[in-house]
**Student:** 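Please see the structure below; I have some questions.
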Amino acid sequence: MIDFKAIEEKWQKKWLEEKIFEPKIDEREKFYITVAFPYLSGHLHVGHARTYTIPDVIARFKRMQGYNVLFPMAWHITGSPIVGIAERIKNRDSKTIWIYRDVYKVPEDILWTFEDPKNIVKYFMKTARETFIKAGFSVDWSREFHTTSLFPPFSKFIEWQFWTLKKKGLVVKGAHRVRWDPVVGTPLGDHDIMEGEDIPILEYVLIKFILMENGEEIYLPAATLRPETVYGVTNMWLNPEATYVKAKIRSKGKEEVWIISREAAYKLSFQDKEIEVIEEFKGEKLIGKWVKNPVTGDEIIILPAEFVDPDNATGVVMSVPAHAPFDHVAIEDLKKETEVLLKYDIDPRIVGEISYISLIELEGYGEFPAVEEVEKLGVKSQKDKEKLEQATKNIYKAEFHKGIFKIEPYKGKPVQEVKDLIAKDMKDRGKADMMYEFAEKPVISRFGNQAVVKIIHDQWFIDYGNPEWKEKAREALARMKIYPESRRAQFEAVIDWLDKKACARKIGLGTPLPWDKEWVIESLSDSTIYMAYYTISRHMNRLREEGKLDSEKLTREFFDYLFLEEFSEKREKELEEKTGIPAETIHEMKEEFEYWYPLDWRCSAKDLIPNHLTFFIFNHVAIFRKEHWPKGIAVNGFGTLEGTKMSKSKGNVLNFIDAIEENGADVVRLYIMSLAEHDSDFDWRRKEVGKLKKQLERFYELISEFAQYEEKDVELMDIDKWLLHRLNRAIEGATKALEEFRTRTAVQWAFYSILNDLRWYMRRTEGRDDEAKRTTLRKLAEIWVRLMAPFTPHTCEELWEKLGGEGFVSLAKWPEPDPEWWNESIELEEDYIKNLIEDIKEIISVARLENARRAYIYTAKEWKWKVAQVVAEKRDFKASMSEVMKDPEMRKRGKEVSKLIQKLIKDRAFDFKRIDEEKALKQAKDFIESEIGLEIIINPDEDKGGKKRQAMPMKPAVYIE
RNA sequence: GCGGGGGUUGCCGAGCUUGGUCAAAGGCGGUGGACUCAAGAUCCACUCCCGCAGGGGUUCAGGGGUUCAAAUCCCCUCCCCCGCACCA
């Protein structure tokens, strides 16, 4: 057994000691790659491992190619989840404790310190760093930092970023709707919601129907998602059993009196409305009264309906029976229940005479689509709720997409358009208002309270909706490389779609907004340009360690100079005065920024495209000069575990660190890199990992063995040359794949393809043990180890040492194809032999020739090769024929030639490459014989079985007896 | 609803950008064989259907089209996944 663990520790120690991954500026070309730093609310699992392994592999590859590579790492602790965890630990929440104690295996004595969020951060920062070191990541740890005010120099950097954005008018104040816990008084993110986190918020239009009471206008705001149907209202619905209120509504300096459900009054009080309830009463009080449609002026009656939910929007509903199944059915029901009407003193004739108003032309339906749909689905009464809902859905969808409006002044326009026009018009003229409401209920906060929709003011936004900014972001994207390229469309869509993004909140860890300290910059907003901070972070850390850094003095002008201005000795002197940092150091920082920027690659998992990665583009173009705009983004997919989604709350995770402990870092790295390409997801399977481990052991053993060989200057045999040629191919394939972040293909070339070729080579050279073979294998070993080094760096360091390589393999030169090794005809010959063996085997099995003794092989005659060459050039029967027939020798066998050309054309054998078949056969004779267990006779004079003429170039005729 | 991406042979998953060399890589699973006292590991062969001579047939969600030629290009239909924000 190979002790991978010892090997890994040995090299990790050496790398750290010799600081080989801590680059300084030098004359080499730079390569700067970063990955989205992890949020430390727990351990990283093998799904995350992919995100971090890819850039490490690329960094290692580029380093070997001779670039000066910077690959830094930091930690993200901004936001509320960590605070929330601390809270739940403090409350002894059993699930949280289970996750941290049993899934993340946090020692008990440390677990209880998690009541303080700082300890969570401390613990996971330490373990994450250990994990990354154990994974063999070639990170420059001298630049490590973390976010929030707990790390003042970075916090100052974020303050600078926000001042800069604000100065450019990109941070603005405004109102915004949020889900809100009315008891605790806090906005609710997805993580803060216990039930109903998927429920969307709808925007209802409230159409203010007019009720005259003692000469005074009172409004009944009917809530609707289809404002265009205001033209088809025949009556109004109220729930007679529900409690309604009459209330003074003050909004935007105006005061009106509304009648709405009691629940609505409560909910509207969170939506910019001041509400003063005058009286409370049952809905029945209003049944039978008449109200005026504010748009058409029609007088309509208020009728009772049990389907009206007082807890949905205003609890006031307008009735459009021609286009709303619920309304139609309710009217039909009422027609049958005259006693109900009499109870409210309503003349049943009024209901009987309600005439439907058709508004929308809909293909496939007549005048009243709702009526038809109700009949079609067989709805009997209001009790058929499910069917009614289905009918409503069908009609709504059909009318919205295909409906044409029939009423002036919107006649002939699609409903889709009219809808917004009418809503806007009503609002502008004060005839309508609006209200936010959950599409479904309940929505319960994690504190156990029923959530409401609140409009909050004084909210700070980053204005991603700014058109000029968008334009710049588009330009930057167009100049960037995106891997995989197929994701570009999504980036474009996100840039178009992004609008004002709330950038600060009142809870959680973070950097306070510098001009409004009660707000804390939220986590997606403080992580957009920190790649620039890495460039100066080494110096910051050093100054900090030496106690020479007063973060309070890191002013805006300091960062302005480093990141935005030209070099200036004078400025450096001034800043030395102001910051206490030596001018020389300031100069070095600026040099580093100018050297490393722009960022070459940003890596992340695909889930960050709609937010972080796009914000990253936006913020860079807003703040930095064009030459510092980022150059590329590479996104990767997730991972599943034995076919199921990883989820920490279900405990279905494999921690990255546990996977490493169990299998070794190199195995985990190689496995993850080989599983999936780009942004497709991979599936972690224990069994396969075990298999890979064995293969890696084999790799180790093979190279160890080859390391004992010496390279000599000897004549190589064809099969040796074949292996070297194949090696060239592998080098080329792996290099090209890595350039495009295609790790899976790269592993296939760098590992599996060589492994397979080697297997074939060993088979072909069985029994040979000469200097040529040893030399070949030794050459292979030296290249193979380097090709594998980005994937399995520890193992390769160890093997590199065995091979007597200079220094670290991590810094060794990436192999390039040797021009002298290219040899396509040898490859073709080898394929030729392989195909022949397969053919013979097939013949034996199909013809059931188990007792055969000999195989006669006939290669194609010279003239056939000539014909093939002509056909390959002409690719056309006539042209080939006339060309060939110029040769009198050919004319003698005209018929045969014509047949051959026909066949070649049919087979589209246009890829003409000449090999010496007989030579290849002779060299491989012993091998073929041992493979098929028959005696081989090459090109005998006797035409056995009349097969001779079947021989084609690259496909010899065979006769077996 | 809006936006992004997919449907490939038992399973996973390449290939589709630049139509032919695609019955379609690789892995897993399965079958047979070598090795072994045996198991494991390893290696070899086969793994859509048919075939007593290296061949033929039917496939790449479904339907239609372009082309000498389509898994690959175009159109339509069906189905699936992901995002929609103040949340990491």
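Lettering follows sequence order; numbering is per chain, from 1.
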**Student:** Going by salt bridge (charged side-chain N to carboxylate O under 4.0 Å, His left out), name the residues that satisfy it together with A/Arg487, two or more places apart in sequence or in a different chain.
**Tutor:**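 Salt bridge (charged side-chain N to carboxylate O under 4.0 Å, His left out) check on A/Arg487 returns A/Asp679.
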**Student:** Please enumerate all residues that pass side chain to side chain donor-acceptor pair (under 3.5 Å) together with A/Glu766, with sequence neighbours excluded.
**Tutor:**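 Residues passing side chain to side chain donor-acceptor pair (under 3.5 Å) with A/Glu766: none at all.
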**Student:** When every nucleotide of nucleotides 4-15 of chain B is labelled 5' to 3' by its protein contacts under 4.0 Å (heavy atoms), B for base, S for sugar-phosphate only, - for none, what sequence of letters results?
**Tutor:** SS------SSSS
**Student:** Looking across every strand, which nucleic acid part, if any, lies under 4.0 Å from A/Leu188 by heavy atom: base, sugar-phosphate, or nothing?
**Tutor:** sugar-phosphate
**Student:** Tell me whether the OP1 or OP2 atom of B/A88 has a side-chain N or O from A/Ser41 closer than 4.0 Å.
**Tutor:** no
**Student:** Nearest-Å distance, CG (A/Asn611) to P (B/C86)?
**Tutor:**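 In whole Å, B/C86 P and A/Asn611 CG are 11 Å from each other.
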**Student:** Is any NZ, NE, NH1 or NH2 atom of the basic residue among A/Lys944 and A/Glu961 found under 4.0 Å from an Asp or Glu carboxylate oxygen of the other?
**Tutor:** yes
**Student:** In whole Å, I'd like the distance from the OH atom of A/Tyr832 to the P atom of B/U21.
**Tutor:** 22 Å
**Student:** Sequence neighbours left out, what passes side chain to side chain donor-acceptor pair (under 3.5 Å) with A/Tyr52? Give chain and number order.
**Tutor:** none
**Student:** Which pairs, protein N/O on one side and nucleotides 54-61 of chain B N/O on the other, fall under 3.5 Å?
**Tutor:**
unit_1	atom_1	unit_2	atom_2	d
B/G54	O2'	A/Asp839	OD1	3.1
B/G54	O6	A/Gln950	OE1	2.8
B/G54	O6	A/Val958	N	3.1
B/G54	N1	A/Pro956	O	2.9
B/G54	N2	A/Asp839	OD2	3.0
B/G54	N2	A/Pro956	O	2.8
B/G54	N3	A/Asp839	OD2	3.3

**Student:** Report the residues that fulfil side chain to side chain contact (heavy atoms under 4.5 Å, CB included) with A/Leu202, sequence neighbours left out, ordered by chain and then residue number.
**Tutor:**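 Result, side chain to side chain contact (heavy atoms under 4.5 Å, CB included) vs A/Leu202: A/Tyr204, A/Leu225, A/Ala439.
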**Student:** Taking only residues two or more places apart in sequence or in another chain, which ones pass side chain to side chain donor-acceptor pair (under 3.5 Å) with A/Trp684?
**Tutor:**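 None.
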**Student:** Not counting sequence neighbours, which residues clear side chain to side chain contact (heavy atoms under 4.5 Å, CB included) with A/Lys691? List them please.
**Tutor:**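 Checked A/Lys691 against side chain to side chain contact (heavy atoms under 4.5 Å, CB included); zero matches.
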**Student:** Can you name the atoms? Protein N/O to nucleotides 42-47 of chain B N/O, anything below 3.5 Å, with the distance.
**Tutor:**
unit_1	atom_1	unit_2	atom_2	d
B/C43	OP1	A/Arg759	NE	3.3
B/C43	OP1	A/Arg759	NH2	2.8

**Student:** Using the side chain to side chain donor-acceptor pair (under 3.5 Å) criterion, which residues pair with A/Glu824? Sequence neighbours excluded.
**Tutor:** none
**Student:** Holding to side chain to side chain contact (heavy atoms under 4.5 Å, CB included), I want the full list of residues that pass it with A/Glu701, two or more places apart in sequence or in another chain.
**Tutor:**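 In terms of side chain to side chain contact (heavy atoms under 4.5 Å, CB included), with neighbours along the sequence ignored, A/Glu701 is linked to A/Ile2.
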**Student:** My understanding is that only residues two or more places apart in sequence, or in another chain, count here; which of them pass ring-ring contact (aromatic ring centres under 6.0 Å, His included) with A/His146?
**Tutor:** A/Phe151
**Student:** For the P atoms, the ones on B/G20 and on B/A69, what distance do you get once it is rounded to whole angstrom?
**Tutor:** 15 Å
